[in-house]
Amino acid sequence: MQDFGTTLAEAIGLILLADGDLIEIITLSLRVTLSAVIIACAIGLPFGALVGAFRFPGRAVVTVFLNALMGLPPVVVGLVVYLMLSAAGPLGPLRLLYTPTAMIIAQTILVTPIVAALTRQVIEDLQTEYSEQFASLGVGPLDRIAALLWDARYSLLTVALAGFGRAVAEVGAVIIVGGNINHVTRVMTTTIALETSKGNLELALALGVVLLAIAVIVNAAVMALRASAVRSAYA
Amino acid sequence: MPDARLKTIEGGRTSPEAAQAPLLMQARKLSFCPNGKPLVDTVDLDIREGRRLVVMGANGAGKSLLLRLLHGLLPPSGGEVVWQGKPLDRAAMREQAMVFQRPVMLRRSVIANLQFALAVRGIGGTERRRRVEEALEQARLGDLARHPARVLSGGEQQRLALARALACTPRLLFLDEPTASLDPASTLAIENLIATAHARGITIVMITHDKGQARRLGDDIAFLHGGRLVETGPAARVLETPNSGAARAWLEGRLYLDDLSSTPSPTP
Ligand SMILES: Nc1ncnc2c1ncn2[C@@H]1O[C@H](COP(=O)(O)OP(=O)(O)OP(=O)(O)O)[C@@H](O)[C@H]1O
Ligand SMILES: [Mg+2]
């Protein structure tokens, strides 16, 4: 077995040479994750905003549920999606199991509650600050939601980035519903798991480095957003 | 000792000119007791068209709460607010505007804050542009129009909040300590804006702790103590010869709300 230094050198080599397999895997990862995050935002932002901006009976219960769903165990989500999509399942005829679409579905289920719960918190805080002024101006419900979403735009971008960070690093759900099929459903995390077990450490480590870089970039983006929001007093 | 409160309300008749102005708004036995304890206690108050009413009283006396109740931001625990003979509703609220003790600025530019308020009231197009221009000029914020509103100084924010309220052309304007913590120049700028608004016929209800300001801007004074209205009357009269022990003690700088248990006794 090679020492760590040699493995790392080979891994860096793969990245620098833009190895075909590597690029394919990274591309699929990003495609799946970005699709899931976009769908999760399309659902979670308005839903979270509604719960955050309006009082209605059962609001506390919804909030508790949303917060609890943030911590959904990925393997359980994977299992449930698997059962739905498997030949015997209700969505079996769609033949989606072991496709990127199945992985997008699983990730969307994982990320939507995160986006919704964080959005609710952000919007509720802002609503607390604005409520009397809005009541005084006579702001209607639609204008209220629109204004809150717009004024919270920086915080909500961070929410989306948090969802992306969670999805891109997720392994348990996508490996169950995607199956980790070469050239079809292999994403960064599942490949790392597989190649490590096969002893093919260069590829695993190369993907690990890329994943780490993505995490760093996402967090840097969050910080930069915060800073610019604070600078312009929009925070 | 006779009940100071009864005495003052009797002696606190509003001036004859005030009685002639038509009634715009009325508080009838207005109370607010969130946890059983009355923070605003059976307040009866007349607000007359075109008049300037100054609400005074110690910290925690319930002044801000009274304004919120009058403006319909809080549901009263008892009594009612009457607007032109009818119960206060959303349509009535749209004829009023309020500037809060701490101005609330949207996370947008100065100009966008003005545009938002007008858009909400259904004012668009050239009319909105005209009013935004006017408000910027009034508040002397033209140079800062594109700046985020929340980086403005306290005085600038107060001017913007007032200009934003005035841009909605309310009939009645509530002002909660509009010049607290402002320097003399900013205070003067705000007082001029208020005077202009009044000259345009806007009825004003404002809270202040500043006796000079009350004299300059107030026609009438309503004095609150422990949630109760203990004295109303023409501003000059209340400031010079207050009838109630509470108002007298407060004007002499001897009143704290803690004294509530022992009704402030008149100076010996
Ligand atoms: N929503 C509320 N629920 C319960 N208590 C409240 C509420 N709002 C205010 N109070 C309390 O009611 C009292 C009166 O508050 P208010 O803000 O009206 O005082 P104020 O006369 O405006 O004082 P200041 O001069 O300091 O602004 C205070 O003791 C305050 O803590
Ligand atoms: Mg107050």
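Below, read A as the first sequence line, B as the second, and so on, with proteins coming before strands; counting in each chain starts at 1.
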Over 12 non-hydrogen atoms of neighbours within 6.0 angstrom of [atom1] in [X]:
{"X": "A:L142", "atom1": "CG", "answer": "no"}
{"X": "A:E24", "atom1": "CD", "answer": "yes"}
{"X": "B:R200", "atom1": "CZ", "answer": "yes"}
{"X": "B:D143", "atom1": "CG", "answer": "no"}
{"X": "A:M84", "atom1": "CE", "answer": "no"}

What heavy-atom pair brings [X] and [Y] nearest, and what distance separates the two atoms?
{"X": "B:L73", "Y": "A:S136", "value": "CD2-N, 3.8 Å"}
{"X": "B:C168", "Y": "A:L137", "value": "SG-CD2, 4.2 Å"}
{"X": "A:Y130", "Y": "B:R107", "value": "OH-N, 2.9 Å"}
{"X": "B:L106", "Y": "A:F134", "value": "CD2-CE1, 3.6 Å"}

### Task
Measure distances from A:A147 to the heavy atoms of chain B and classify the residue's part below 4.5 Å as side chain, backbone, both or neither.
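Both parts, heavy atoms under 4.5 Å.
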### Query
Rounded to the nearest 0.5 Å, how far apart are CD of A:Q133 and CE of B:M98?
9.5 Å
#### Entry: Per-residue contact mode, B:F174 against chain A (heavy atom under 4.5 angstrom)
neither
### Query
Salt bridge between A:E129 and B:R102, side-chain N to carboxylate O under 4.0 Å?
no
#### Entry: Donor-acceptor contact present, side-chain B:R108 to main-chain A:D151, <3.5 Å
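No; zero donor-acceptor contacts below 3.5 Å.
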